[in-house]
Amino acid sequence: MNTKSRVINVHEMTWMALLIAMEMVLSKLSIGSNTLKVGFSFIAIGLMGYYFGPYKAAIANVVADIISNVIMPAPGGFFWGFTFSALVAGLIYGFVLYNHKVTIWRTFVAVLLITVIVNTGLNTLWIQMMTNLPYWTLLVPRILKELFSLVYQTGLLYLVLKWISNSRFNRIGR
């Protein structure tokens with residue numbers, strides 16, 4: 001890895017700030033009940049990974065999580081576990097999407113990894129730690145929700161990434 005790819009220049013910082021703001025807004029826009037809530041912040045996180053790679057996307061996603069919890073705190077309060085989940089999500093999106101051709105298969109793999117590792121695994125663990133409910137009691141309904149999320153997130157993220165890759169915005173951050 002060359003030195004240039006590790007340095008964040010003003011251009012990248014500006015686009016990261018826009019994507020962080022986009023993630024914060026999209027995280028507050030959701031459809032459905034607590035049981036089956038459909039959110040859209042994954043689009044901004046996926047774009048961070050696509051544009052900036054794993055390490056910069058991970059850092060930007062952690063910054064977004066912390067700023068979001070300071071400005072618009074979640075009902076359950078701040079928990080470092082979810083910040084760690086944000087870091088892992090940024091890494092996964094970056095490793096899978098950065099400098100690769102946008103395909104439905106690659107998008108599916110990225111969303112599948114996020115769904116299994118972050119949403120189903122880590123986030124269920126953090127919720128269990130915060131609520132003291134049995135892990136398996138939380139896991140079963142979350143698996144059904146995450147199966148649904150896998151489908152719609154793959155589709156939406158693929159459409160956005162495909163559009164971006166064919167537009168003039170495909171070189172932001174590169």
Side-chain angles (χ1 to χ4, degrees), residues 8 11-98 102 104 106-120 122-124 126-127 142 145-170 172-173:
I8 299 174
H11 185 247
E12 287 178 324
M13 180 110 31
T14 303
W15 280 103
M16 279 185 194
L18 287 170
L19 289 172
I20 288 169
M22 180 180 173
E23 180 185 349
M24 291 171 56
V25 170
L26 290 176
S27 71
K28 298 304 176 191
L29 298 174
S30 58
I31 303 166
S33 65
N34 285 337
T35 310
L36 185 62
K37 190 177 284 189
V38 176
F40 302 100
S41 63
F42 68 92
I43 295 170
I45 302 166
L47 288 173
M48 283 185 222
Y50 174 77
Y51 283 132
F52 303 110
Y55 306 112
K56 292 176 184 177
I59 292 167
N61 207 20
V62 165
V63 168
D65 182 71
I66 293 170
I67 292 173
S68 181
N69 277 293
V70 169
I71 294 174
M72 303 174 286
F78 181 77
F79 184 72
W80 282 105
F82 293 114
T83 305
F84 179 72
S85 291
L87 180 126
V88 173
L91 285 172
I92 291 171
Y93 276 126
F95 277 120
V96 177
L97 300 175
Y98 184 64
V102 176
I104 191 74
R106 186 166 288 285
T107 307
F108 174 77
V109 168
V111 174
L112 178 66
L113 289 171
I114 297 291
T115 300
V116 172
I117 296 169
V118 178
N119 300 345
T120 306
L122 292 175
N123 289 350
T124 304
W126 309 141
I127 293 169
R142 287 181 63 81
K145 174 198 176 284
E146 293 305 329
L147 285 173
F148 175 71
S149 295
L150 178 63
V151 174
Y152 90 86
Q153 287 184 11
T154 299
L156 275 175
L157 188 58
Y158 174 73
L159 290 173
V160 169
L161 290 174
K162 195 64 175 172
W163 178 78
I164 294 266
S165 71
N166 293 326
S167 75
R168 65 186 181 134
F169 295 110
N170 69 341
I172 293 170

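Residue numbers count from 1 along this sequence.
- For the pair Thr120 (side chain) and Thr115 (backbone), a donor-acceptor distance under 3.5 Å is present.
- With rounding to the nearest 0.5 angstrom, the CD1 atom of Ile59 is 12.0 Å from the CE atom of Met48.
- Note that the CG atom of Leu97 and the CG atom of Leu161 stand 6.0 Å from one another [nearest 0.5 Å].
- Distance alone, capped at 3.5 Å, is enough to place a donor-acceptor pair between the Asn69 side chain and the Asp65 backbone.
- Distance check: Asn61 CG to Leu91 CG gives 9.5 Å after rounding to the nearest 0.5 Å.
- By the 4.5 Å heavy-atom criterion applied to side chains, Val25 and Leu29 are counted as neighbours.
- At least one side-chain heavy atom of Ile43 sits less than 4.5 Å from a side-chain heavy atom of Met22.
- Partners of Phe78 under the ring-ring contact (aromatic ring centres under 6.0 Å, His included) rule, at least two apart in sequence or in another chain, are Trp80.
- Here the CD-CE distance, from Glu23 to Met16, works out to 12.5 Å after rounding to the nearest 0.5 Å.
- The minimum heavy-atom distance linking Val96 with Arg106 is given by the pair O-NH1, 2.7 Å.
- Phe84 CZ: 12 or fewer foreign heavy atoms inside a 6.0 Å radius.
- For the ring-ring contact (aromatic ring centres under 6.0 Å, His included) test, no residue two or more places apart in sequence or in another chain qualifies with Tyr158.
- Taking both residues in full, the closest heavy atoms of Phe52 and Ala57 are given as CB-N, 4.4 Å, listed atom of the first, atom of the second, then distance.
- Heavy atoms only, all atoms of each residue included: Ala110 and Ile92 are closest at O-CG2, 4.0 Å.
- Between Val111 and Phe42, every side-chain heavy-atom pair lies at or beyond the 4.5 Å cut-off.
- In terms of the ring-ring contact (aromatic ring centres under 6.0 Å, His included) criterion, residue partners of Phe108 (sequence neighbours excluded) are, by chain and number, Trp105.
- Aromatic pair Tyr55/Tyr98: centroids not less than 6.0 angstrom apart.
- Atoms OG and CE, on Ser41 and Met24 in that order, are 11.5 Å from each other to the nearest 0.5 Å.
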For this session: Please test Phe40 against Ile31 for side-chain contact (heavy atoms from CB on, under 4.5 Å), starting from the C-alpha separation and ending with a verdict.
Result: CA-CA 9 Å; Phe40 302 100; Ile31 303 166; 3.9 Å; yes
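- Closest approach of Val102 to Ser165, counting heavy atoms only: CG2-CB, 3.9 Å.
- For the atom pair Ile114 CD1 and Tyr93 OH, the distance stands at 5.0 Å (nearest 0.5 Å).
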